[in-house]
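Atoms within a ligand are numbered from 1 in the order they appear, just like the ligands themselves.
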Amino acid sequence: MVLNRVNSPEDLKALSLEELLQLAEEIRSEIIRVTAQNGGHLASSLGAVELILALHRVFESPRDRLLFDVGHQAYAHKLVTGRKDRFHTLRQEGGLSGFTKVSESEHDAITVGHASTSLAHALGMTIARDLRGESYHVVAVIGDGALTGGMALAALNKIGELGKRMLIVLNDNEMSISENVGALNKYFKELQIRKWVQDAEKLGRQILEHISPKLFGLVDRAKEAAKLLLHQENPFYAWGLRYVGPVDGHDLKGLVHTLEHLKELDGPTLLHVVTQKGKGYKVAEADPIYWHGPPGFNPERPEKVAKGYSWSQAFGDAVTELAHLEPRLFVLTPAMREGSGLVRYSLEHPERYLDVGICEDVAVTTAAGMALRGLKPIVAIYSTFLQRAYDQAIHDVAIENLPVVFAIDRAGIVGADGATHHGVFDIAYLRTVPNFQIAAPKDALELRAMLRKALEVGGPVAIRYPRDNVERAPEGVWPEIEWGRWEVLKEGTEAYILAFGKTLRYALEAAGNDPRVGVVNARFLKPLDKEMLRSLARYKLLTVEDHQGMGGFGSAVLEALNEMGSRPEVRILALPDRFFEHGTIPSLHRQAGIDAEGIRKALREMGLHPAYER
Ligand SMILES: CC(=O)c1sc(CCOP(=O)(O)OP(=O)(O)O)c(C)[n+]1Cc1cnc(C)nc1N
Ligand SMILES: [Mg+2]
């Protein structure tokens, strides 16, 4: 096993080409083995194996800084930078992160999980390097999907202007999670046609050199002139970059040769490599969408695992039906068609569906444009990724009180993707924005009711729901809902648990059949149901939410009680002021004290000991 002899990137330098090729295969097997047991970003990491080995062969990490955009394709990087013995802990609680993470290794140049940040990071590093008179290399690997992000393109603009030495490697596999979108993506495809031209040219060159070196010189000069013409419209030239490629991203020998050459060049260079997402694992090559991030699987007989019916699917089914009832409805996604449950919708309503690419800011402001011209847009977006469009939500939607619905998926702790992906800030960052209304349904029926009503109430409405399974609601059923009204699910004589969203299940479990403890489905956070809150102010109150405590649902309840001059005993159960790493959702909820056990503990502390303890 070659991998056994690799404990740092330094060890790659001593390997022969055959050993490097052997190492690539061993790394592929290890990625498959561990992802099969832990789940993870399989296809992206399989596609980047040769590229990562070539980079570590040519550059000297950690002196040279290798940046991986999103960081989900970097499993090979982890394996050759001293973490192979811990690789089996990938994405497990207390184990290796599924992305690169500065605090995890000196070889991890940036902490990532959100896309399109690598180029601005690289820009900053080259400025720091030059200002401090240092001379290391800065290399940023960015996928074709991540390059659809506005901050990547804006950083390119600056990189090209400053002209500082750096290498940008565009890892082009024509895929985001779904098929990639955008004009640049189309252009890359054309360039790849040129790749076949290059291959033919290479063959022609060999023949010519064999026949007549003179003739070869003539043709070579003609080719250079043509190339200049052909490349004129190459946008990377307009961005002030040297463009090289496209080259085969799985040709380890060719990559090493090219990188050795590019390493010597000054200024910013973009190397366009063409890879196959899922390379080396038939099922992942055939279906890079499912195998982008599969849950565990049997590596010998890899089959798709049928997941339960999720909130995302409940949302997708609801909007697919709703579009038949409301012709002005339009659904937008920032590159998360599968994740947001929109495959069915996109097939049934292609003319009212838009994947803008990995650019949440564009999704929100495009929706604002649609709303200004009479459509009823719904932006389907993960809580964590909505953070990328906060100003757009305020500046382009809320100020004019536009009718844009935000279907916020993955609201709350999300599990193995960890701190970069937990959706635990959206209540705080939306609640303070005038005109925004915020709700959280208790089940799929209530989600349908809220979505339909949200299209009528006007103004920006955020409906948040968790990463979880949910009981399917019958098609065609659209229950009524009293907008802004909470729902008492269980009466109590001494205390009430006010639960927002997913934690309602924990509240009901904790209250059990204790007659002293009532439970409220506090499904509207803005507007808060102040009438019911006033009526409950004579009881002890316990709020519980899957969100940061600061600025969350509990804060809103306290502010409202203060406004009405009520001073009941109130306890807030929410996430403490720290980041939560990767782990299972139940375990992280337990750590945060917002699960049924945490609620029981809080009730005891409020003097409501369970009967068996009295
Ligand atoms: C992991 C994750 O959350 C990924 S990986 C990915 C596709 C990246 O495509 P790229 O071409 O860059 O890489 P490839 O997989 O190698 O093809 C997306 C959209 N996401 C979700 C996502 C959405 N929006 C933002 C801002 N960041 C992320 N990470
Ligand atoms: Mg890609």
Side-chain angles (χ1 to χ4, degrees), residues 31 35 39-49 51-52 67-77 91 97-100 110-120 140-153 168-182 184-185 188-189 192 249 272-279 284-285 288-294 333-340 342 355-364 379-390 392 409-410 414-423 467 582:
I31 289 172
T35 314
H41 292 102
L42 175 67
S44 311
S45 282
L46 288 176
V49 170
L51 173 59
I52 288 172
L67 290 69
F68 295 95
D69 204 287
V70 185
H72 66 313
Q73 76 289 60
Y75 292 178
H77 164 76
R91 297 161 55 88
S97 161
F99 307 94
T100 61
I110 52 176
T111 294
V112 276
H114 285 195
S116 320
T117 67
S118 63
L119 301 188
V141 177
I142 183 165
D144 55 308
L147 195 62
T148 61
M151 72 180 285
L153 300 173
I168 298 166
V169 181
L170 168 58
N171 176 19
D172 179 10
N173 54 22
E174 296 182 40
M175 295 298 291
S176 186
I177 296 179
S178 330
E179 300 79 8
N180 199 8
V181 297
L184 267 184
N185 176 47
F188 295 154
K189 283 194 180 53
Q192 290 189 37
H272 180 185
V273 301
V274 176
T275 61
Q276 182 178 19
K277 194 160 181 175
K279 178 78 176 175
E285 290 179 357
I289 293 178
Y290 176 83
W291 297 94
H292 167 85
T333 175
M336 300 302 285
R337 178 184 65 195
E338 283 74 16
S340 295
L342 289 172
D355 174 354
V356 294
I358 311 179
C359 42
E360 288 75 8
D361 46 357
V362 172
V364 172
V379 179
I381 191 162
Y382 285 23
S383 165
T384 187
F385 300 139
L386 179 54
Q387 291 159 199
R388 279 283 176 87
Y390 187 39
Q392 289 72 20
D409 199 336
R410 279 23 175 224
V414 295
D417 279 341
T420 55
H421 281 61
H422 295 317
R467 176 172 179 265
H582 44 283

Checklist outcome for this item: Under 4.0 Å from one or more heavy atoms of H421, ligand 1 contributes atoms 2 (C), 3 (O)
Checklist entry - Have N171 and T275 got a donor and an acceptor in their side chains that come within less than 3.5 Å? => result yes
Checklist outcome for this item: Note: N173, heavy atoms under 4.0 Å from ligand 1, region reported as side chain
Next on the checklist: Check for me whether P334 has a heavy atom closer than 4.0 Å to any atom of ligand 1.
Outcome noted: no
Checklist entry - Is ligand 1 less than 4.0 angstrom away from at least one heavy atom of G47? => result no
Item to check | N/O separation below 3.5 Å, H41 to ligand 1 | outcome: no
Checklist entry - Any idea which atoms of ligand 1 are less than 4.0 Å away from a heavy-atom of G143? => result 10 (P), 11 (O), 12 (O)
Checklist entry - Hey, does K277 sit under 4.0 Å from ligand 1 if you only count heavy atoms? => result yes
Checklist entry - In terms of atom number and element, which parts of ligand 1 are under 4.0 angstrom from non-hydrogen atoms of H114? => result 27 (N), 29 (N)
Next on the checklist: Taking distance alone, with N or O pairs closer than 3.5 Å, would you say M336 contacts ligand 1?
Outcome noted: no
Next on the checklist: Pairs of nitrogen or oxygen atoms closer than 3.5 Å, one from H72 and one from ligand 1: do any exist?
Outcome noted: yes
Item to check | Numbered atoms and elements of ligand 1 in range of E360, under 4.0 angstrom, heavy atoms | outcome: 23 (C), 24 (N), 25 (C), 26 (C)
Next on the checklist: Which of the numbered atoms in ligand 1 are under 4.0 angstrom from any heavy atom belonging to A146?
Outcome noted: 10 (P), 12 (O)
Checklist entry - Taking N or O atoms only and a 3.5 Å limit, does D144 qualify as a polar contact for ligand 1? => result yes
Item to check | Under 3.5 Å donor-acceptor, N185 side chain and N180 backbone | outcome: yes
Checklist outcome for this item: Output field for angle at the Mg ion (ligand 2), N173.OD1 vs D144.OD1, rounded to 10°, should show 80°
Next on the checklist: With nothing but distance in play, are any N or O atoms of V70 less than 3.5 Å from an N or O of ligand 1?
Outcome noted: no
Checklist entry - Under 4.5 Å between any side-chain heavy atoms of H292 and E338, yes or no? => result no
Checklist entry - Got a donor-acceptor contact below 3.5 angstrom from the Y75 side chain to the H41 backbone? => result yes
Checklist entry - Are any of the N or O atoms of G113 closer than 3.5 Å to those of ligand 1? => result yes
Next on the checklist: Could you check whether any side-chain N or O of S176 sits under 3.5 Å from a backbone N or O of S178, counting only pairs where one atom can act as donor and the other as acceptor?
Outcome noted: no
Next on the checklist: Is there a polar contact between ligand 1 and A115, counting only N or O atoms under 3.5 Å apart?
Outcome noted: yes
Next on the checklist: I'd like to know if the side chain of D69 reaches the main chain of S118, judged simply by a donor and an acceptor atom lying under 3.5 Å from each other, with no hydrogens or angles considered.
Outcome noted: yes
Checklist entry - From the Mg ion (ligand 2) out to just under 2.8 Å, does an N/O/S atom of M175 turn up? => result yes
Item to check | Donor-acceptor pair, side chain of R388 and main chain of I358, under 3.5 angstrom | outcome: no
Checklist entry - For the residue pair G150 and C359, what are the closest heavy atoms and their distance? => result N-CB, 4.4 Å
Checklist entry - Got an N, O or S from N171 under 2.8 Å of the Mg ion (ligand 2)? => result no
Item to check | G145 neighbourhood, listing ligand 1 atoms whose heavy-atom distance to it stays under 4.0 Å | outcome: 9 (O), 10 (P), 11 (O), 12 (O)
Next on the checklist: So, regarding S44 and ligand 1 (criterion: nitrogen or oxygen to nitrogen or oxygen, under 3.5 Å), is there a contact or not?
Outcome noted: yes
